[in-house]
Novice: 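Okay, here's the structure, questions in a sec.
Side-chain atoms are counted along with the backbone in the values below, which use heavy atoms only and exclude waters and symmetry mates. We name chains A, B, ... by the order of the sequence lines, and we start the count at 1 in each one.
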There are 2 protein chains.
Amino acid sequence: MDSVSLLSDMDGVNLKTKQKRTAGQKHGDLRIELLREGLALLDTQGVEGVTIRAVARNTGVAHSAPANHFPTKQALLTAIAAVVFANLADLTVKAITGLSDKPEQAIQAFAETCFQFAFDTPNRYQLLWQRQLIDQDDPVIAKEMERVYSALLSLLRQDHANHRVDIETDAIAIWSMIHGYISMRLDGNLVAAKDTVTNLPRHKAILLSLIDGIYHRDS
Amino acid sequence: MDSVSLLSDMDGVNLKTKQKRTAGQKHGDLRIELLREGLALLDTQGVEGVTIRAVARNTGVAHSAPANHFPTKQALLTAIAAVVFANLADLTVKAITGLSDKPEQAIQAFAETCFQFAFDTPNRYQLLWQRQLIDQDDPVIAKEMERVYSALLSLLRQDHANHRVDIETDAIAIWSMIHGYISMRLDGNLVAAKDTVTNLPRHKAILLSLIDGIYHRDS
DNA sequence: CTCAATAAACTGACACTGTCCATTTTAACG
DNA sequence: CGTTAAAATGGACAGTGTCAGTTTATTGAG
């Protein structure tokens, strides 16, 4: 779960090979340090704590230094979200690899990965879906979102036996269930959802069985 | 769908009977006007546009006047959310009344009401679940949230024929599906969800049939 | 090696926000 | 009518995002 290593191949820029500094660059890799600090603030204080000035302060640069790498706050949050999204995409894709001949297990693994990611790093998960904070049309965001989505789609497509008519809607239904439960829980809604220890395993079990039901339904 | 009328009996204060002004009160019903203006800003500019100073400006009072009625911004947003939540609770309860002997239809009506409310007034719906903006432990919020939740629960409890073992989890699953799809759509996620006109009716139909499946499942 | 070019980083400023404070205004009541 | 207490005011403060002008450091050409 080393998010730092993920930073290195984000945005199509391989920072490992970028050893030379560009003109005027006094700081080593300010862009990546800002992202790292932004992730730290996100984890510890939530998205409210991720301010341009705080990120700059914790990195030890002037308050306007980030502007050279992220023209606006939305750009900074979008870049952070891109890292997080890539992380989630990697995890889900990894979870279902090798299970291509067992679609049911693969879907369970997909859902389980989402649950784990969301409950391990709730602030990261929540950032991904805040439309007013990040640029959802950002190409990297779109790409990584598509990776997660198509991972789920591919599982449904493999179901040759079933005469499935509307794969996309099935995927949306499955994802609605997963995402809905996670959102509800992270937002602290529903009285029954407050007791995490005893309820979470039971809820997860039922949700997984319901998802399996969606998968096996004959439309 | 007159939200203004709803303002009158919120927070246990019946403002209709409160004709006399209290000491020092120069403005007619500033508290209610602030709420009304807050709702207007929420609808037109989203939650980001709801600032204490903007609400005060549009109401024609000093920037610090709202502090007498809402000590903090979270209190203002919480009061707005309480109005919205009460509205949603009223709509859902109203939608299922008279359908107590037809649980399937009632659940469909419940879901349909949530869909309609969310797509008619997306900013209001989204405000309800922003934990970091509103005080989820507010008694009015909790009460109205409970009203929505117990409305759904009552429908599942009426199903005497079915040997349902875990009503709460079924309710959570149904609500996860509804809330998950709505959130996904309002956040603009998933490529397939972008074409509203053609996809929304189809998605809704399938989701409703899936919800029906949850209702009829034998645990 | 020298030095202009250039991108990065810095300092300063502006408008805006939420919140606190002291002050003034206003309506109700003895 | 005067007292009183709540409401509303204006000012101030720290914090924010963003913009502008300036300085600095690195690069690469002469």
Side-chain angles (χ1 to χ4, degrees), chain A residues 11 13 15 17-38 41-42 45-81 127 130 132-135, chain B residues 11 13 15 17-38 41-42 45-81 127 130 132-135:
Chain A
D11 283 357
V13 179
L15 290 159
T17 67
K18 183 183 170 187
Q19 294 163 343
K20 282 184 167 183
R21 299 187 179 181
T22 69
Q25 186 173 348
K26 316 164 188 180
H27 216 275
D29 271 323
L30 184 53
R31 182 192 154 87
I32 218 170
E33 290 191 34
L34 293 172
L35 285 178
R36 196 199 323 270
E37 196 55 48
L41 282 170
L42 177 64
Q45 302 180 225
V47 70
E48 310 284 326
V50 184
T51 69
I52 292 181
R53 292 174 109 104
V55 171
R57 257 194 314 270
N58 292 14
T59 317
V61 294
H63 67 272
S64 63
N68 294 310
H69 304 273
F70 309 102
T72 171
K73 183 179 184 181
Q74 177 177 274
L76 171 63
L77 288 177
T78 300
I80 295 175
L127 172 64
Q130 310 237 9
Q132 62 267 43
L133 294 184
I134 72 177
D135 176 20
Chain B
D11 282 0
V13 180
L15 291 160
T17 67
K18 184 182 170 188
Q19 294 162 345
K20 283 183 169 182
R21 299 188 179 180
T22 69
Q25 187 171 346
K26 316 164 189 181
H27 215 276
D29 272 321
L30 185 52
R31 182 192 155 86
I32 218 171
E33 289 192 32
L34 293 173
L35 285 178
R36 195 198 325 271
E37 195 55 49
L41 282 170
L42 176 64
Q45 303 179 223
V47 70
E48 310 283 326
V50 184
T51 68
I52 291 181
R53 293 174 109 104
V55 171
R57 255 193 316 269
N58 292 14
T59 316
V61 295
H63 67 272
S64 61
N68 294 310
H69 304 272
F70 308 103
T72 171
K73 182 179 184 181
Q74 177 178 271
L76 171 64
L77 287 178
T78 300
I80 295 175
L127 171 64
Q130 308 238 9
Q132 62 266 43
L133 295 183
I134 73 178
D135 176 18

Novice: For residues 53-63 of chain B, which residues have at least one heavy atom under 4.0 Å from DNA chain C?
Specialist: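 Contacts with DNA chain C under 4.0 Å: B:Arg53, B:Arg57, B:His63.
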Novice: Measuring from the side chain of A:His69 (C-beta onward, heavy atoms only), which nucleotide among D:dA8, C:dA9, D:dT18 has the closest atom?
Specialist: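 So the nucleotide nearest the side chain must be C:dA9.
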Novice: Is there a side-chain contact between A:Val50 and A:Lys73 (heavy atoms, below 4.5 Å)?
Specialist: no
Novice: If I take atom CZ from residue A:Arg53 and atom NE2 from residue A:His63, how far apart are they, to the nearest 0.5 angstrom?
Specialist: 4.5 Å
Novice: Checking side chain to side chain contact (heavy atoms under 4.5 Å, CB included) between B:Asp135 and each of B:Thr78, B:Thr72, B:Leu77, which is the one that passes?
Specialist: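 Option passing the side chain to side chain contact (heavy atoms under 4.5 Å, CB included) with B:Asp135: B:Thr78.
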Novice: Side chain to side chain contact (heavy atoms under 4.5 Å, CB included) between B:Thr59 and B:Arg36: does it pass, once the steps are laid out?
Specialist: CA-CA 9 Å; B:Thr59 316; B:Arg36 195 198 325 271; over 6 Å; no
Novice: Considering only heavy atoms from C-beta outward, does the side chain of A:His69 approach that of A:Leu35 to under 4.5 Å?
Specialist: no
Novice: Can you find a donor-acceptor pair, distance only, under 3.5 Å between A:Ser64 side chain and C:dT11 base?
Specialist: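 Such a pair exists between side chain and base.
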Novice: Return the value, rounded to whole Å, for the distance between atom CG of A:Leu133 and atom P of D:dG17.
Specialist: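 Going from A:Leu133 (CG) to D:dG17 (P), I get 12 Å.
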Novice: Checking only heavy atoms, does the side chain of B:Asn68 share a donor-acceptor pair with the base of D:dA6 at less than 3.5 Å?
Specialist: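 Under the 3.5 Å cut-off, the side chain and the base do not form any donor-acceptor pair.
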Novice: Measuring from the side chain of A:Leu30 (C-beta onward, heavy atoms only), which nucleotide among C:dA9, D:dA8, D:dT18 has the closest atom?
Specialist: C:dA9
Novice: If the cut-off is 4.0 Å, is B:Thr72 near the phosphate of C:dT19, judged by side-chain N/O to OP1 or OP2?
Specialist: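 For C:dT19, OP1/OP2 do have a side-chain N/O of B:Thr72 under 4.0 Å.
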Novice: Looking only at side-chain atoms of B:Ala65, point me to the closest of D:dT9, C:dA9, D:dT18.
Specialist: D:dT9
